[in-house]
Amino acid sequence: MEALLRRELGYGFVKAAGHSGGGCISQGQSYDTDRGRVFVKVNPKAEARRMFEGEMASLTAILKTNTVRVPKPIKVLDSPSGGSMLVMEHVDMRYLSSHAAKLGAQLADLHLENRKLGESLRKEESTVGQGGGQAERAFVDQFGFDVVTCCGYLPQVNDWQQDWVMFYAQQRIQPQMDMVEKASGDREARELWSALQLKIPELFRGLEIIPALLHGDLWGGNVAEDSSGPIIFDPASFYGHSEYELAIAGMFGGFSSSFYSAYHSKIPQAPGFEKRLQLYQLFHYLNHWNHFGSGYRGSSLNIMRNLIK
């Protein structure tokens, strides 16, 4: 590994440091180099390059907003033994505690950043004699992302689409339902999803949704802090509805009331928020069903039953 990093990244010195880590998808190891400490995530799967390229694009996009801190990505490399690796800045992280409210505020800033770009653009266009200047960052007026990103190791369809409700039904839930169908042919899941599809538009009536850049997989295991403030990592980004971000945050704990208070002071809950949150949690329960098995079937079907009532 040391020789590979020296060769591919031009480091003069590389030595394994004592820090290692990993989740249920990839393993990681830190290395000291002559340009600072780096963290290398490694995955042996054949599709790992696609997963890491999506993560690198996600980290880069969040980094450019200058709102919430992420580790700086460096490069995706092929592993000599098969699979791929993602090299990024090493960050000394600890459990999120004292900076929870700051994370809530910064996450709201991330979600509002594209909206503010749009407002600045409109202001510029309406000012006599203005225009022709090139904005540093372009306003995104559709839902999706430039590359495939993976939530866990399963790819997400990020084809650009104008309508959020269509995007969510067709490019988030439907692919998960197709995987359930292929693996188990679950008739009840299929019937519930057919009924739920007819109900989804009602949950969004009267709501204006401006695309927001999302982390995409913001559960308690993907947030941390250091002495300077909060850090988020392992993103599966795309431009979507800001409420989607809070779905998995509420499923597995890890976020205090101060996080939510700070977030909602900048982005207040809109009418119907709780039901839409259930709809967004459905994606994550289905995704867990497809990753880890039928232990998540009951939660998936219960959400569909509740939303059809």
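Every value quoted in this text rests on a predicted model; they were computed, and no experiment measured them.
Val180 has its side chain within reach of Ser184: a pair of non-hydrogen atoms, C-beta onward, lies under 4.5 Å apart. Contact check for Thr33 versus Leu9: no side-chain heavy atoms found under the 4.5 Å cut-off. For the pair Pro73/Thr60, a side-chain contact is recorded, criterion being any heavy-atom separation below 4.5 Å from C-beta on. Put simply, the side chain of Leu279 does not reach to within 4.5 Å of the side chain of Lys275, judged on heavy atoms. Residues Val38 and Val14 fail the side-chain proximity criterion, which asks for heavy atoms closer than 4.5 Å. Using a 4.5 Å cut-off on side-chain heavy atoms (C-beta onward), Met1 and Gln29 make no contact. Here the side chains of Val70 and Pro235 are not in contact, with every heavy-atom distance at 4.5 Å or above. Using a 4.5 Å heavy-atom threshold, the side chains of Glu181 and Trp193 count as separate.
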Passes side chain to side chain contact (heavy atoms under 4.5 Å, CB included), Met85 versus Leu4? Steps please.
CA-CA 11 Å; Met85 61 189 79; Leu4 177 73; 3.4 Å; yes
List the steps, then state whether side chain to side chain contact (heavy atoms under 4.5 Å, CB included) holds for Met88 with Met56.
CA-CA 9 Å; Met88 68 184 88; Met56 180 156 177; over 6 Å; no
Using side chain to side chain contact (heavy atoms under 4.5 Å, CB included), reason through Tyr263 and Ser242 one step at a time and then give a plain yes or no.
CA-CA 11 Å; Tyr263 181 87; Ser242 56; 3.6 Å; yes
Take Gln174 and Gln197 through the test side chain to side chain contact (heavy atoms under 4.5 Å, CB included) and record every step on the way to the result.
CA-CA 10 Å; Gln174 191 62 58; Gln197 284 181 76; 4.2 Å; yes
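Close placement of the Tyr280 and Tyr168 rings is indicated, their centers lying within 6.0 Å of each other. Remark: aromatic rings of Tyr296 and His291 are distant, center separation not under 6.0 Å. Two rings, from Phe252 and His284, have their centers 6.0 Å or more apart.
Clustering ILVMFWY residues whenever any of their side-chain heavy atoms sit less than 4.5 angstrom apart, transitively, puts Phe204 in the very cluster that holds Leu246. Placement of Leu77 and Phe13 in two distinct hydrophobic clusters is found when ILVMFWY residues are connected by side-chain heavy-atom separations under 4.5 Å, directly or transitively. In the hydrophobic cluster analysis, where Ile, Leu, Val, Met, Phe, Trp and Tyr join through side-chain heavy atoms closer than 4.5 angstrom, Met166 is grouped apart from Leu282. The hydrophobic cluster containing Leu277 also contains Ile248, counting ILVMFWY residues as joined when their side-chain heavy atoms lie under 4.5 angstrom apart, directly or transitively. The hydrophobic clustering, which links ILVMFWY residues whose side-chain heavy atoms are closer than 4.5 Å, places Leu110 and Trp219 together.
Ion pairing of Glu188 with Arg305 is present here, as a side-chain N (NZ or NE/NH1/NH2) and a carboxylate O approach within less than 4.0 Å.
Using the six-membered ring where Trp is involved, Phe255 and Phe259 have ring planes that are tilted, between 30° and 60° apart.
Side chain of Gln27 to main chain of Asn43: no donor-acceptor pair is present (N/O by atom type, distance under 3.5 Å, no hydrogens or angles). Judged by distance alone, with hydrogens and angles left aside, the side-chain atoms of Arg276 form a donor-acceptor pair with the main-chain N or O of Leu203 at under 3.5 Å. Judged purely by atom type and a 3.5 angstrom limit, Gln281 uses its side chain to pair as donor or acceptor with the backbone of Ala247. Counting only distance, with no hydrogens or angles, the side chain of Asp217 and the backbone of Asn222 share no donor-acceptor pair below 3.5 Å. Side chain of Glu8 to main chain of Val76: no donor-acceptor pair is present (N/O by atom type, distance under 3.5 Å, no hydrogens or angles). Using modelled atom types, no side-chain atom of Lys15 and backbone atom of Asp32 make a donor-acceptor pair closer than 3.5 Å. In this structure, Arg35 contributes its side chain and Gly10 its backbone to a donor-acceptor pair below 3.5 Å.
The CZ atom of Phe233 sits 13.0 Å away from the CD atom of Glu89 when rounded to the nearest 0.5 Å. The CZ atom of Phe39 sits 11.5 Å away from the CG atom of Asp92 when rounded to the nearest 0.5 Å. The structure places CD of Glu191 at 7.5 Å from OG of Ser194, a figure rounded to the nearest 0.5 Å. Rounded to the nearest 0.5 angstrom, Leu307 CG and Gln278 CD are separated by 5.0 Å. A distance of 12.0 Å separates CD1 of Ile210 from NZ of Lys116, quoted to the nearest 0.5 Å. The CD1 atom of Ile209 lies 4.5 Å from the NE2 atom of His241; values are rounded to the nearest 0.5 Å.
Taking each heavy atom of Ala105 and Ala262 in turn, the nearest pair found is N-CB, 3.8 Å. Across Met51 and Ser26, no two heavy atoms sit closer than the pair CE-OG, 3.6 Å. The two residues Phe139 and Asn114 come nearest to each other via the heavy atoms CD1-O, 3.1 Å. Among all heavy-atom pairs drawn from Ala189 and Trp289, the shortest one is CB-CH2, 4.3 Å. Across every non-hydrogen atom of Arg190 and Gly185, the tightest pair is NH1-O, 4.1 Å. The two residues Gly229 and Lys102 have their closest heavy-atom pair at CA-NZ, 4.1 Å.
Applying the 6.0 Å contact sphere to CG of Asn66 captures no more than 12 heavy atoms from other residues, nucleotides or ligands.
Here Thr65 pairs with Thr67 under the side chain to side chain donor-acceptor pair (under 3.5 Å) rule; sequence neighbours left out.
For residues 224-234, every residue pair satisfying the side chain to side chain donor-acceptor pair (under 3.5 Å) rule, not counting sequence neighbours, is listed here: Lys41-Asp234, Arg69-Asp226, Arg69-Ser228, Arg94-Glu225, Ser97-Glu225, Ser98-Glu225, Asp226-Ser228.
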Please report, to 0.1 Å, the donor-acceptor pairs under 3.5 Å made by any side chain of residues 141-149, with sequence neighbours excluded.
unit_1, atom_1, unit_2, atom_2, d
Asp146, OD1, Trp160, NE1, 3.4
Thr149, OG1, Gln156, NE2, 3.0
Thr149, OG1, Asn158, ND2, 2.9
Thr149, OG1, Ser237, O, 3.2

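When Ile231, Asp109, Ile62 are each tested for a side chain to side chain contact (heavy atoms under 4.5 Å, CB included) with Val68, only one passes: Ile62.
Residues Asp159 and Gln171 have side chains that never bring a donor and an acceptor to within less than 3.5 angstrom of each other.
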